[in-house]
Amino acid sequence: MTYIAKPKLHHPTLAKNNVGHTRRDYEGKISTLCAGCGHDSISAAIIQACWELDIEPHRVAKLSGIGCSSKTPDYFLGNSHGFNSVHGRMPSVATGANLANRDLIYMGVSGDGDSASIGIGQFAHCMRRGVNLVYIVENNGVYGLTKGQFSATADKGSKSKRGVANTDEPLDMIGMALLLGATYVARSFSGDKKQLVPLIKAAIEHKGAAFLDVVSPCVAFNNHAGSTKSYEYVREHNEAVNRLDFIERREEITADYAPGTVVTVTQHDGSMLRLRKLAEDYDPTDRVKVMHYLQERSAKGEVVTGLLYVQPDSSDLHENLSTVETPLNQLTERELCPGNVALERINASLR
């Protein structure tokens, strides 16, 4: 169906954002995924987030690996840059692209098979290096392209469509992201657009490694009784730790709130996340307490969603490596090869 182009005619009354684009301008090709697939809902949330942030599509670079999830970048931001890498290798491609051109907004879309199995090493180094990337894992617990085998994130004891129980322990990508140093960690549900859109918006504005684990039911192979990643199961066991709103950077607004009801986290670039706490003792800035809370709730069979952790004073790979402000792909031979005099000066400083 991707060979069928969407109509380019837009109704003149469609709302436009501050850069003159309608929401339709952020769409891609027609999806070839199964009707009702959670991945399409995530694509719609990405479209909504970029439209609301007034992002020019050509400023975005979207990258993916292999799998149902890695097909989805074709279905949003059709006028952006895109690269579909080999299985599990999206993080390294994103790292190289980000080092070459820091001016783009990088969005990596992967799946639990692509990132939690063959790509687990790539995922680990991307998180610990702090690549300035929105890393979205569309997590359904199965290999949808190869007829529904359990993936590494499938919960122990969950049953396949054929009734076979999974005997392996699941790989917790949220826990790994926290351990590896990701500075923005969140989980959401593809069926909860109200929560997912502000999480994506905040991740785009965050400086550093931003990881989003989005439970996205596979309607073909993992949406049955016995599955722990079905629509019914997640809705029944979903526990949102905060009510989210995203506030773009603007003139300072002061207000007086009762202690424990609202915490405002200032991002590196001045934008803010406004978190209305449902539990007064939940602190999204304490990495250790967050990990303990997640383990505690997981033992009770609950799927915790929302902004789980954020580091306000985060940095990214460019800051860690002290690279120049000019994107590396824009440097000329004069800057890259300064000549023998500069080389002699460097050598002399090391003697």
Side-chain angles (χ1 to χ4, degrees), residues 31 33-49 52 67-69 72 75-76 107 109-116 134-142 144 151 153-155 158 170-175 177-178 182 184-204 210-246 273 275-279 282 284 290 293-294 297-298 300-310:
S31 173
L33 299 175
C34 303
C37 178
H39 295 359
D40 284 332
S41 298
I42 298 173
S43 295
I46 293 172
I47 290 169
Q48 188 68 26
E52 291 181 5
C68 290
S69 58
T72 59
Y75 311 143
F76 61 84
M107 184 173 295
V109 181
S110 183
D112 43 300
D114 192 53
S115 280
V134 179
Y135 197 127
I136 299 176
V137 167
E138 300 180 340
N139 189 352
N140 56 24
V142 297
S151 78
T153 64
D155 293 312
S158 61
L171 194 151
D172 180 12
M173 300 200 73
I174 287 287
L178 288 166
Y184 180 100
V185 180
R187 180 189 283 130
S188 192
F189 174 48
S190 62
D192 189 353
K193 188 176 181 181
K194 185 177 181 181
Q195 181 192 63
L196 182 55
V197 170
L199 284 175
I200 294 174
K201 290 168 68 177
I204 292 173
F211 176 66
L212 281 81
D213 176 37
V214 186
V215 180
S216 179
C218 174
V219 292
F221 299 108
N222 212 12
N223 194 39
H224 51 273
S227 167
T228 58
K229 287 182 170 56
S230 65
Y231 281 108
E232 184 177 349
Y233 182 91
V234 177
R235 287 188 175 121
E236 183 179 344
H237 295 82
N238 186 2
E239 181 197 349
V241 295
N242 31 49
R243 188 178 301 116
L244 292 164
D245 190 16
F246 178 76
L273 275 173
L275 308 175
R276 185 174 300 278
K277 290 189 177 181
L278 300 184
Y282 188 82
V290 168
Y293 182 87
L294 292 174
R297 295 299 177 181
S298 176
K300 295 181 179 180
E302 296 175 348
V303 180
V304 181
T305 63
L307 177 60
L308 306 178
Y309 174 76
V310 63

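Sequential numbering from 1 along the given sequence is applied to the chain's residues. Quick caveat: nothing in here was measured; it's all calculated off a predicted structure.
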Arg187 and side-chain hydrogen bond (donor to acceptor under 3.5 Å, both in side chains): which single residue from Thr305, Asn238, Asp213 fits? Asp213
Which residue in the set Ser216, Ser31, Ser190 passes side-chain hydrogen bond (donor to acceptor under 3.5 Å, both in side chains) when paired with His39? Ser216
Compare all side-chain heavy atoms of [X] with those of [Y] and state whether any distance is below 4.5 angstrom.
{"X": "Ser115", "Y": "Met173", "answer": "yes"}
{"X": "Tyr184", "Y": "Val134", "answer": "no"}
{"X": "Gln48", "Y": "Leu196", "answer": "no"}

Under the side-chain contact (heavy atoms from CB on, under 4.5 Å) rule, what do Leu212 and Val137 come out as? Steps first, then yes or no, please. CA-CA 6 Å; Leu212 281 81; Val137 167; over 6 Å; no
Contacts of type salt bridge (charged side-chain N to carboxylate O under 4.0 Å, His left out), residue [X], not counting sequence neighbours:
{"X": "Glu236", "value": "none"}
{"X": "Glu232", "value": "none"}
{"X": "Asp192", "value": "none"}

For Ser151, give me all partners under side chain to side chain contact (heavy atoms under 4.5 Å, CB included), at least two apart in sequence or on another chain. Asp112, Tyr143, Thr153
State which residues pass side chain to side chain contact (heavy atoms under 4.5 Å, CB included) with Arg235; sequence neighbours excluded, sorted by chain then number. Phe189, Tyr231
Hits for ring-ring contact (aromatic ring centres under 6.0 Å, His included) against His237, two or more places apart or cross-chain, chain-then-number order -> Tyr233
Between CD1 on residue Ile136 and OG on residue Ser110, distance to nearest 0.5 Å: 10.5 Å
Which distance, rounded to the nearest 0.5 Å, do you find between the OG of Ser69 and the CG of Asn139? 9.5 Å
Please report the shortest heavy-atom distance between Lys229 and Ala154, naming the atom on each side. NZ-CA, 4.5 Å
Would you mind telling me which of Ile46, Ile42, Val109 makes a side-chain contact (heavy atoms from CB on, under 4.5 Å) with Thr72? Val109
